Each structure stands twice: as C-alpha cells, then as structure tokens.
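All of these numbers come straight from a predicted model, not from anything done at the bench. Letters go in sequence order (proteins before strands), and every chain restarts at 1.
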Protein chains: 2
Amino acid sequence: MDKIDKAILAILQDDCTTPVSDIAERVGLTTTPCWRRIQQLERAGVIERRVALLNPARLNVGVTVFVAVRTSEHSEAWFRKFASVVAAIPQIVEFYRMSGDTDYLLRVVVPDIAAFDGVYKRLIRDVKLSDISSSFAMEQIKFTTALPLDYA
Amino acid sequence: MDKIDKAILAILQDDCTTPVSDIAERVGLTTTPCWRRIQQLERAGVIERRVALLNPARLNVGVTVFVAVRTSEHSEAWFRKFASVVAAIPQIVEFYRMSGDTDYLLRVVVPDIAAFDGVYKRLIRDVKLSDISSSFAMEQIKFTTALPLDYA
DNA sequence: CATGAAAATTCACACCA
DNA sequence: TGGTGTGAATTTTCATG
C-alpha cells in the first residue's frame, strides 16, 4: 500500500461521499486510475463498508456505559451463547475479550440509567456471568472511526 | 421521527451507498419524498456524516488497548491540554470522561505492544497524569457504528 | 405524498499508451 | 500503472395532481 492509497483512504475515512473525481485531483491522479485503486482496496478488504454515522444525542442514546465482565465459565459453548446474546442486543455496540483481570469488556449506549438497567437485566438473565462492574461515561470527548494509516 | 425515518436510518447505518430509489422502495415510498426525508435528517443533524470503515487487521492495527487514567489535576486549562494532545494522536480512537474511580478512559489501536509503548510514552510526556493502567484486548468480538433506534 | 421527467453529476468500463 | 472518452446509472430538481 503506497502513499497514494493511504491518501485515498484518509479521504474516504473522513467522507465517503467525496466524488472520485475530487479524490483523484487531491491525490494527483485522474479519475480512472483512482477509481481502480478504490475498487482494488474494496476487493482486498481494506475498505469494508460505507456507513452513515448518526448523532447519539439526537437518537436519545447519549449515555455510554462500560461493562467489565468476569466469568468462571470458559467453555466454547458458553462463549458462543454469550456472543450470540450480545449480538442480539443493539445497545451493545462494542464487545472485547480481554487479557488481565476482566475477561470481557462491553460498551453500551442508552438514554439513561434506567434504560441501562434494562440492558443489564437482559444480559444477566440470558448469560451466566460471575461478576459485572459498570462504569458510566459522563462525556465522549473523542470518537472516530478513522484508523491510523501509519503502520500500513 | 416516525417509523419511516427510522427505517431509512437503519438502512443508511448499514450501507450508505444504497441508492435512494432502493431505500424508497424498501420503506414504501417513491424516491422524491424519500430523498427529502434524507435531506432533512441531514439538516437536522441526525445524520452526521458518511464514512468508509476500514479493516483494522489490513491496516496493521489489530491490537486494541484500553487505558484507564487517573489524575490529581482538575483545572480547565489542564483538561484542554489533555484533550488537544489526545486529539493529535491518531492511535487514540475513543476518549471518555468517566464517573467513578477512573477519571478518563481511552481506546488505543496499534499493531503490537511495542507500538503501544510509543503511544504511551508520548502521552505521559505531553500530559501530567497520576495513574495509568492499560488493559489489552485479545479479540474484538463485536463492533458496530449502528446506534439503536429504539429510543428515538 | 405520488408521478413523471429533465438536467447535472458521477460511476463504470472499454480502449490506448 | 496511468490517461482519454463514452454510455449507463444516480442524484437532484422541478413540474403537476
């Protein structure tokens, strides 16, 4: 991946509605080779998808909660169950398997504490979890879907 | 925001390249009124932007680290400094002010532990921080930019 | 809001260097 | 790989009902 590809990706990460002709001009190409590079980046799986980002406050999900989970169960079947339950809860937007003291970390978006309690109850009802600790975010100071291109 | 608007948003959150004519058909409208609704959702700030999502592994940032920060400083000037330093580090993709024992939480994406150390050193060089604890994610099981539309 | 349609823009690709 | 040209698709706007 050369400098031009990175420049193209930087533009698309910021605004994927930018016409190919504009992108081409900004990276110093004409439209066709630029278009071909974009196609190739899609085929190679570098560009996964193009999505609209919505405003959390306008959708009434201004509260973010991080949920740290510990468990005694470590079977494959249990994990698949856990993963499928999480996948079905739209309020859970991120889900990581961690190293260290917490086994899993979830990010949950909800309107308020009461709504979080609903998600929490649903989670513990559907999955056997040993220990859960929730931390509330007061403010989202930075959030970007743009990944650093420095290592590619 | 009625049911049709939500249906439109659900489609655009999933794939913003969907032609307006397709969206219209799926929500039971013709293109013109559907197009007007989309324009209005943009003007109202519900739709903030349209971006390309890239593959972390392909960009060599497959490792996610959560950094919990505590500080003794709580002045406005210090916070602005902290926020500007974080804004300038592209490896930091999320940044929250928390309630509870940790004051701030960062999500950092890097290729490996060594690269994380670089980001870590840069952070503590530029900002005065009392206590930092880093947790490594072994696996990203779920990650979506699609917000739940249930509360809107 | 539906229909129909036109103008402007952008995409997608064949072909050449 | 990059460039030129062109037909197709899409967006965007504007009539009328």
Side-chain angles (χ1 to χ4, degrees), chain A residues 1-56 58-60 144-152, chain B residues 1-61 90 111 144-152:
Chain A
M1 176 142 37
D2 64 1
K3 208 171 182 66
I4 296 179
D5 280 340
K6 289 188 190 179
I8 292 171
L9 291 175
I11 293 169
L12 290 175
Q13 280 198 121
D14 179 61
D15 180 7
C16 70
T17 69
T18 316
V20 180
S21 55
D22 284 19
I23 301 173
E25 192 177 19
R26 285 165 62 180
V27 303
L29 286 176
T30 50
T31 59
T32 300
C34 183
W35 178 82
R36 271 201 298 255
R37 278 173 181 262
I38 294 170
Q39 296 300 312
Q40 199 201 336
L41 287 165
E42 279 174 352
R43 267 185 290 120
V46 179
I47 299 173
E48 288 194 324
R49 57 209 306 225
R50 295 148 187 261
V51 301
L53 300 183
L54 309 185
N55 184 306
R58 302 286 173 132
L59 292 177
N60 198 24
T144 180
T145 55
L147 301 176
L149 303 171
D150 307 312
Y151 310 109
Chain B
M1 178 142 37
D2 64 1
K3 209 171 181 69
I4 295 179
D5 279 339
K6 288 189 189 178
I8 292 172
L9 291 175
I11 293 170
L12 290 176
Q13 278 198 124
D14 180 62
D15 179 7
C16 69
T17 70
T18 315
V20 180
S21 54
D22 284 20
I23 300 173
E25 191 177 19
R26 286 163 63 181
V27 304
L29 286 177
T30 50
T31 59
T32 303
C34 183
W35 180 83
R36 273 201 297 255
R37 279 172 181 263
I38 294 170
Q39 295 300 311
Q40 200 206 332
L41 288 166
E42 280 173 351
R43 268 183 289 120
V46 178
I47 299 172
E48 287 194 324
R49 56 209 306 225
R50 293 147 186 261
V51 301
L53 299 184
L54 309 185
N55 185 305
R58 301 289 172 128
L59 293 177
N60 197 26
V61 288
T144 180
T145 56
L147 301 176
L149 302 171
D150 307 313
Y151 309 110

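- Taking side-chain N and O atoms only, B:Arg37 has a distance below 4.0 Å to OP1 or OP2 of C:dC1.
- Counting to the nearest Å, the P atom of D:dT10 and the CD1 atom of B:Ile38 are 14 Å from each other.
- Rounded to whole Å, the distance from CZ on B:Arg43 to C1' on D:dT12 is 14 Å.
- Here the CD1 atom belonging to A:Ile38 is positioned 9.0 Å from the CG atom belonging to A:Leu9, to the nearest 0.5 angstrom.
- Nearest to the side chain of B:Pro19, among C:dC1, C:dT3, D:dT10, sits D:dT10.
- B:Thr32 comes within 4.0 angstrom of a nucleotide base, judged by non-hydrogen atoms across all strands.
- Within the structure, every side-chain polar atom (N or O) of A:Trp35 is placed at least 4.0 Å from both OP1 and OP2 of C:dC11.
- Separating the CG atom of A:Leu41 from the P atom of D:dT1 is a distance of 11 Å, rounded to the nearest angstrom.
- You'll find the side chain of B:Leu12 stays beyond 4.5 Å of the side chain of B:Leu41, heavy atoms only.
- Summarising the geometry, the separation between CD1 on B:Ile8 and C1' on C:dC1 is reported as 13 Å, rounded to the nearest angstrom.
- Look at CD on A:Gln40: it is 16 Å from C1' on C:dC13, rounded to the nearest Å.
- Rounded to whole Å, atom C1' of D:dA15 lies 12 Å from atom CZ of B:Arg36.
- Considering A:Ile8, A:Leu147, A:Thr144 in turn, A:Leu147 is the only one that fulfils the side chain to side chain contact (heavy atoms under 4.5 Å, CB included) rule with A:Gln13.
- Residues B:Ile4 and B:Thr31 each lie close to DNA chain C; by heavy-atom proximity, the contact nearer the 5' end of the strand is made by B:Ile4.
- Between the CG atom of A:Asp5 and the C1' atom of D:dT1 there is a distance of 12 Å, given to the nearest Å.
- Atom CD of A:Gln39 and atom P of C:dA14 are 12 Å apart (whole Å).
- For the residue pair A:Ala52 and B:Ile47, the shortest heavy atom distance occurs at CB-CG2, 4.3 Å.
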